[in-house]
Amino acid sequence: MAGKVGNMENEEKKPLLAIVGPTATGKSAVAVELASMIGGEVVSADSVQVYRGLDIGSGKISKDEMVASDGERIRHHLLDVVSPTEHYSIARYQEEAGAAVADIHRRGKIPILCGGSGLYIHSLVNVSYRLGKEERNTAFRDALKGEARKNGLQTLYQRLQREAPSLAAKIHPNDERRIIRGLEKSEKGEKTAAVPNWDSPFSLAIFGLYLPRPALYSRIEGRVDKMIELGLVAEVRRLLEEGIVPEAQSLTALGYKEIIPHVRGECDLKEAVRTLKQNTRHFAKRQITWFMRDPRIVWLQMDRLLAAGSGGVAEEITRILPQYRQEILLTQRIL
RNA sequence: GGCGCCAUAGCCAAGUGGUAAGGCAGAGGACUGCAAAUCCUUUAUUCUCCAGUUCAAAUCUGGAUGGCGCCU
C-alpha cells in the first residue's frame, strides 16, 4: 500500500527542466531555444536579474533575445520583480518562483529553470529547502554585528556553540554571516541543521553547461567587454543618480560594485574592468564548485556543441531527455 | 668607459649568520532565509649564477650576468 502511494506520487510529479552552469556559458539562449522546442516557459534563477534596471551588468536577456529562432516569443518569469532599493531573499524567490512554476504547469506548459544562482535553484527544486514565512530580523542581525565588532567574533561563535552545537559544528569560526544566521535560527528554536538531500517535488532534469576553464575565461572576458560597449558605465551612473545607495544589496552585485568606483572617479575604467573580469572568474569558479556537487546534473560539453549554436545545444537536450528522465527517477531513489 | 644601488614564487614583497613572513594572482573546497554574498584550504627542498669564509649563508667576501640611476 505504502509502495503504491509512493508510485502514485511519482506519477503525479510535474516535469521541471533546468539549465544551469557558470556565468557566460550561454544558458539564456539555450533555454529560449529549448522552450520553443518543447513548449516551455523560462523561469529565471538569478539573484540579480530580479532587480529592475540592472540589465547590462546582470547579463539580463533582452526582449529581442527572448524570441527563438523559429520566431516564437518565449515568456520569462522572475525578471524585474523588485526595485533595486529593495532587499530580495531566497525565501521570496522560493515563493514567487514556485508560484510561477505552478502557473506554468496549470497552463500545460513546461517550466525551464535557467540561471546561475545555485542556492535559488536548490530552494525551488529540493524538498528539503521548504522555507517558512519569516521576516528577517535586521535589528537582531545589526545588534549581533555590533557585538562581534566590540567583543570579537569568537564570542558570538562560542555563544552559538553553547546554544546550538550542531549548527555551530557546520560553520567556520570566521564566517560571521553564517554565525549570525545560526544565532538567529537558534533564537527561533531551530537548533539543528536541515539534513540535505536531493529529493525533488518535480520530475526533474537538470542540464549543466560545461566549458573548459580557458574557454570559459575567455568568454567571460568577452562578455565583460561587451557589457562596457553596451553602456554598463552609464547604467551604473543612472542607478546612482536615481538615488540607489552603493550599499544596497542590488549594487553589491558583480558588475556594479566594480564599476561604482570608476563612476565616482576613484579609478580608471581599465582598472575597473580588470577587477570585474577577475571577480567574475572567481564567481564562475564558485558556481562550478557548487553545481559539481549535484549528482543529478547532466553536463553538456559546450565547446563541442557551441559550434552548432544554442539551437544545437537545445536539440541535444531534447534528444537525451527521455533517457535521462528515467535516470533521474533512479537517482532520487538511491539518494 | 667610471661610480653607486638592486637581484627572493607568475606579480608585489619581508627577511641583514641559525634552516624562506605576508599580500595578490593561480588551484581546490564549503555553502539551507544577504548567495553575483560569505567563508576555508593550498602554492619556493630554496633566494640570478660561480667560487670562497663559516659548524651553519638568501644574509658575509670575490667574481660573472642582468636591471636601474648618476657621472664622463
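All values derive from a computational prediction rather than experimental measurement.
To the nearest angstrom, P of B:G28 lies 14 Å from CD of A:Gln287. Look at OH on A:Tyr129: it is 8 Å from P on B:G33, rounded to the nearest Å. In this structure, A:Glu176 places its CD atom 16 Å from P of B:A35, rounding to the nearest Å. For A:Leu119 and B:C39, the CG to P distance is 17 Å, given to the nearest whole Å. Distance, A:Asn279 CG to B:G26 P: 10 Å, rounded to whole Å. Distance A:Ile121 CD1 to B:U32 C1': 15 Å, rounded to the nearest Å. Per the geometry, CG belonging to A:Leu216 stands 13 Å off P belonging to B:G26, to the nearest Å. What separates NE2 of A:His282 from C1' of B:A30 is a distance of 17 Å, to the nearest Å.
Side-chain polar atoms of A:Tyr157 and A:Glu176 form no donor-acceptor pair below 3.5 angstrom. Side-chain polar atoms of A:Ser123 and A:Arg130 form no donor-acceptor pair below 3.5 angstrom. Counting only N and O atoms by type, the side chains of A:Ser69 and A:Glu33 include a donor and acceptor under 3.5 Å apart. A donor-acceptor contact closer than 3.5 angstrom is absent between the side chains of A:Tyr120 and A:Gln94. For A:Asn151 and A:Arg159, the side-chain atoms include no donor-acceptor pair closer than 3.5 Å. With 3.5 Å as the limit, one finds a donor-acceptor pair spanning the side chains of A:Lys191 and A:Ser186. Under 3.5 Å, the side chains of A:Glu41 and A:His77 contain a donor-acceptor pair of N or O atoms.
Annotation: of the two residues near RNA chain B, A:Pro196 and A:Leu254, the 5′-most nearest-nucleotide partner is A:Pro196. If you find the closest nucleotide of RNA chain B to A:Ser47 and to A:Lys285, the one lying nearer the 5' end belongs to A:Lys285.
When distances run from any side-chain atom of A:Lys257 to the nucleotides B:A36, B:A35, B:C34, the shortest one goes to B:A36. Of the candidates B:U32, B:C34, B:A25, the closest approach to any side-chain atom of A:Gln249 belongs to B:C34. Which of B:C39, B:A36, B:A30 sits closest to the side chain of A:Thr289 comes down to B:A30. Of the candidate nucleotides B:C40, B:C34, B:A36, B:C40 has the atom lying nearest to any side-chain atom of A:His172.
At the heavy-atom level, A:Tyr120 lies under 4.0 Å from the strands shown only through sugar-phosphate atoms. Note on A:Ile90: only backbone sugar-phosphate atoms sit closer than 4.0 angstrom, heavy atoms only; bases stay farther off. A:Tyr51 comes within 4.0 angstrom of no nucleic acid atom, judged by non-hydrogen atoms across all strands. Residue A:Gly57 is classed as a base contact, given a heavy-atom separation below 4.0 Å to a base. Residue contacts shown for A:Val50 are absent, as no nucleic acid heavy atom lies under 4.0 Å away. Within the nucleic acid shown, A:Ser128 comes within 4.0 Å of at least one base atom, counting heavy atoms only. Nucleic acid contact for A:Arg213: sugar-phosphate only, since backbone atoms but no base atoms lie under 4.0 Å from a heavy atom of the residue. Contact annotation for A:Ser58: base contact, defined as any heavy-atom pair under 4.0 Å involving a base atom. The residue A:Arg286 sits close to a base: some heavy atom pair falls under 4.0 Å. Contacts of A:Lys170 with the nucleic acid, taken as non-hydrogen atoms under 4.0 Å apart, are absent.
Of the nucleotides present, none pairs with B:A21 by Watson-Crick or G-U wobble criteria with both distances under 3.5 Å. Look at B:C70: its Watson-Crick or wobble partner, with both distances under 3.5 angstrom, is B:G2. Checking B:A9 for Watson-Crick or G-U wobble geometry (two distances, each under 3.5 Å) identifies no partner in any strand. Taking a pair to require two hydrogen-bonding distances under 3.5 Å in either a Watson-Crick or a G-U wobble arrangement, B:A56 remains unpaired. Nucleotide B:U32 is matched to nothing when pairs are restricted to Watson-Crick or G-U wobble geometry with both distances under 3.5 angstrom. Summarising the base pairing, B:U45 is matched to no nucleotide, lacking a Watson-Crick or G-U wobble pair whose two defining distances lie under 3.5 Å.
As rounded to the nearest Å, B:U72 and B:A25 have C1' atoms that lie 44 Å from one another. Comparing the P positions of B:A27 and B:C71 gives an interatomic distance of 47 Å, to the nearest angstrom. For the C1' atoms, the distance from B:U38 to B:U46 is 36 Å, rounded to whole Å. Taking the C1' atoms as reference points, B:G33 lies 28 Å from B:G28, given to the whole Å. B:A44 and B:A7 have their C1' atoms separated by 16 Å, given to the nearest Å. B:C12 sits 34 Å from B:U53 when the C1' atoms are compared, rounded to a whole Å. Here the separation of B:A57 from B:A51, taken at their C1' atoms, is 14 Å to the nearest Å. Nucleotides B:U48 and B:A9, compared at atom C1', are 14 Å apart to the nearest Å.
An OP1 or OP2 oxygen of B:G26 is reached within less than 4.0 angstrom by a side-chain nitrogen or oxygen of A:Arg281. At the phosphate of B:A36, OP1 or OP2 sits under 4.0 Å from a side-chain N or O atom of A:Ser117. An OP1 or OP2 oxygen of B:A27 is reached within less than 4.0 angstrom by a side-chain nitrogen or oxygen of A:Tyr217. Remark: A:Asn174 is not in phosphate contact with B:C39, judged by side-chain N or O atoms under 4.0 Å from OP1 or OP2. Note on A:Arg178: every side-chain N or O is 4.0 Å or more away from OP1 and OP2 of B:U38.
The CH2 atom of A:Trp198 sits 4.0 Å away from the CG atom of A:Asp294 when rounded to the nearest 0.5 Å. How far CG of A:Leu216 is from NZ of A:Lys285: 11.5 Å, rounded to the nearest 0.5 Å.
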